[in-house]
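Here the structure is laid out as structure tokens; the discussion comes afterwards.
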Number of protein chains: 2
Amino acid sequence: MYTNRRSPRRHPSLKDVALAARVSHATVSRALRNVGRVAPQTRAAVLAAADRLGYTPNLIARGLKNGATGMLSALVPGLSGPPVSDMMSVVNEELERAGIALQIHTSSEDAERQLEKLRLIRGSSDGVFFVPTSDLLVRGRDDLVQATTRQVQEMGVPVVFVDRYLEVPGAGVVCTDNETAAYEVAMYLISLGHRSIGYLTGPAVSSVRERLQGFRRAMAEAGLAYDESHLESLVADSYEAGAEAALRLLRRAQAITALVTYNHNATVGTVVAARRLGLEIPGDLSLVAFDDVREVSAIQVPLTYVEQDVVSIGRHAAQLMLDMLRGGPPRQIRVQARLVVRQSAAAVR
Amino acid sequence: MYTNRRSPRRHPSLKDVALAARVSHATVSRALRNVGRVAPQTRAAVLAAADRLGYTPNLIARGLKNGATGMLSALVPGLSGPPVSDMMSVVNEELERAGIALQIHTSSEDAERQLEKLRLIRGSSDGVFFVPTSDLLVRGRDDLVQATTRQVQEMGVPVVFVDRYLEVPGAGVVCTDNETAAYEVAMYLISLGHRSIGYLTGPAVSSVRERLQGFRRAMAEAGLAYDESHLESLVADSYEAGAEAALRLLRRAQAITALVTYNHNATVGTVVAARRLGLEIPGDLSLVAFDDVREVSAIQVPLTYVEQDVVSIGRHAAQLMLDMLRGGPPRQIRVQARLVVRQSAAAVR
DNA sequence: CTGAAAGCGCTTACAG
DNA sequence: CTGAAAGCGCTTACAG
């Protein structure tokens, strides 16, 4: 790491202000935070001195003393990519109001790195928001999942899973009710007369698994023959992989009249594939997506999609964390999504 | 803020390890960090004890002592939105290798909040990466710009501007050579025979201003009559605003055969507008964009675009910060962009 | 090689 | 109302 030497022009400390205001640094501390009994004029003098010196408290030191760092961490797969980054954006805003800074760590979708980060975070955070990596890289590594789970349990500070979760007793969870949302998507397509419905899915993180479950439940309830030939998985999270998966599925199961896509790249990929196969959306193929893809909606066809309530999720996550920091119980919160009906799905013809 | 009470099961400290290993905590400190002279067996005993107790250092305390927090901050307009979030992603990765965590603060494109954040960061960071807000909200608020500039000067820790900058002596800067990039874009279109070229621009942040300058320089050098009627600005950063701006421009200056778009939403908006006007790209209208829009390229037409070297920018930014932390001089680094020629721009017909 | 001590910048009982 | 003192968890000269 870089040198420890302090910057040449040292930032003023409590002591400096105390010296300038001719009082003890304890008094400065009280005056500045407006706690305890401080004479009005003393307070005024302190404030003036602090202002003149451009004093700002050293949060690090305050944190050390308080046994709280005043800082929360988020461990996420990556910095970009909706809807997760939108959720974290809301979390960040909510925290701001409480005067708490959010420190962001990324696992880069690498489960080993994720585990290290978890350990690292431990010593310098009052709590962590956790969006675990998809298991693309964890397949066959149950040990890693186990170790991660154990680490979360032993964090010693509150952990709130956002968007997706691991099964860890004591951890909070805030995410979309994916099972219900997918159930409703399937029911909607069935109500439009579709009988052969394809589904594009991805890595087995909780959200993705639950979506598939909801979809299957709907198919079963509707008494529709549903077999694995209607299912295809993306091998990577790119639109090219989405297009390939869609192509495989549409070529194999030609009876399919509607398709459900589990995420952004599956959706874009499907639009690309449809184009390549000369299929019109929704004329030849109905499409219902999870999450809108604004660019597609703007220039191709307004997507019928599941809108996750990212604002509500972010707020609940922040609030739950604050609760847990005060000793509140970990809760598992499900936020309902909304099916936005536009033009990419139509009645079967 | 939340309560200061320590979590029930306290995290083990150096003292706990010392007690368990039957040595002083100073020795534990040395053994763990592998500095100073420590007897091999003492070291082994300490490591064993630390491991058994699940000790991890309290970075806060270490930071206090070192006079460095081991933490860097980034102040950005928002969490999402390429290419800035990609640049910061790279910065983050680079820092990780140096064992430094990045704390992210957002200004939400609000210049007042940005100023507050700057003050807040001051006490708890060894340095800050700064992506200033666009001035959409600062128009007519020179005082705010001044105050922000002054604040940056008085930070007392290194500041590195990324992607765009304010004029502040002593601050580092890493960004694309926007002037040159835009110049090349214009020259490319001119070489294709275009004479009437439109330009969609945005708020007056440095990057956007420089792009327009480069564009104008090329037009002037080519001896092309260039007047403000070929220019249009987005009133907001949304694709709807982009579409409106493009519509205004294309309706007003019908001689235009090519358009340059300064960012993502201007590009998407242009594609939407062209569609609405029944213009084919590139048949009726050539388009060169700043930054690719993958969705557009995938489903509409592969964009000819300026590719910013986000990896290089991120790396340089991280490296410059590390240099400055060691006392190195602030540098202004320009990274060359690359014109990726694909299909959205063609010879004029 | 190891320990006792001082100190980083703060907060908070405890006296007075 | 205010100050002196202790202590948060660490690191680092300084002795020994």
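Just the heavy atoms: all of them, side chains too, but no hydrogens, waters or symmetry mates, feed the values below. Naming convention: chains lettered A, B, ... in sequence-line order (proteins, then strands); numbering from 1 in each chain.
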Worksheet item: Quick check: does any side chain N or O of A/Lys117 sit under 3.5 Å from a backbone N or O of A/Thr106, one acting as donor and the other as acceptor?
Response: yes

Item to complete: Give the rounded distance in Å between these two atoms: NE2 of A/His25 and C1' of C/dT12.
Response: 11 Å

Worksheet item: Which string of ( ) [ ] | and . matches DNA chain C, if you list each base 5' to 3' and count Watson-Crick or G-U pairs only when both distances are under 3.5 Å?
Response: |||.||||||||.|||

Worksheet item: Counting only non-hydrogen atoms, which of residues 28-36 of chain A are less than 4.0 Å from DNA chain D?
Response: A/Arg30

Fill in: Pairwise side-chain contact, B/Ile313 with B/Val90, heavy-atom cut-off 4.5 Å (strictly under)
no

Discussion item. So, using salt bridge (Lys or Arg N to Asp or Glu O under 4.0 Å) as the criterion, who are the partners of A/Arg150 when residues are at least two apart?
Written reply: none

Worksheet item: To the nearest angstrom, how far is B/Leu19 atom CG from C/dG3 atom P?
Response: 12 Å

Practice prompt. Would you name the heavy atoms of B/Arg43 and B/Ala31 that are closest together and state the gap between them?
Written response: NH1-O, 2.8 Å

Worksheet item: Can a donor-acceptor pair be found between the side chains of A/Glu109 and A/Ser134 at a distance below 3.5 Å?
Response: yes

Response to the item:
Those residues at least two apart in sequence (or on a different chain) that pass salt bridge (Lys or Arg N to Asp or Glu O under 4.0 Å) with B/Asp143 are B/Arg141

Discussion item. Nearest whole Å is fine: how far is D/dG7 P from B/Lys15 NZ?
Written reply: 8 Å

Discussion item. Applying a 4.0 Å non-hydrogen cut-off, can you work out what A/Ala26 is touching in the nucleic acid: base, sugar-phosphate, or nothing?
Written reply: base

Item to complete: Find the distance B/Gln41:CD to C/dT2:P and express it as a whole number of Å.
Response: 8 Å

Discussion item. Looking at A/Ser13, I'd like to know whether one of its side-chain N or O atoms comes within less than 4.0 Å of OP1 or OP2 on C/dC8.
Written reply: no

Worksheet item: Reckon B/Ser24 has a side-chain N or O less than 4.0 Å from the OP1 or OP2 of C/dA4?
Response: no

Worksheet item: Starting at the 5' end of DNA chain C, which residue's closest nucleotide do you reach first, A/Thr27 or B/Pro40?
Response: B/Pro40

Discussion item. Please report the distance, rounded to the nearest Å, between CG in A/Leu14 and C1' in C/dG7.
Written reply: 15 Å

Discussion item. Tell me whether the side-chain N or O atoms of B/Lys65 pair up with the base of C/dG7 as donor and acceptor below 3.5 Å, since no angle test is needed here.
Written reply: yes

Discussion item. Going by salt bridge (Lys or Arg N to Asp or Glu O under 4.0 Å), name the residues that satisfy it together with B/Lys65, two or more places apart in sequence or in a different chain.
Written reply: none

Discussion item. Has A/Ser13 got a side-chain atom pairing as donor or acceptor with A/Lys15's backbone, closer than 3.5 angstrom?
Written reply: yes

Fill in: Gap between atoms CG and P, on B/Leu64 and D/dT11 respectively (whole Å)
12 Å

Fill in: For atom CZ of B/Arg62 and atom C1' of D/dC8, their distance in whole Å
16 Å

Practice prompt. Scan residues 156-166 of chain A for pairs that pass side chain to side chain donor-acceptor pair (under 3.5 Å), counting only residues two or more places apart or in two chains.
Written response: A/Tyr165-A/Glu210, A/Tyr165-A/Arg334

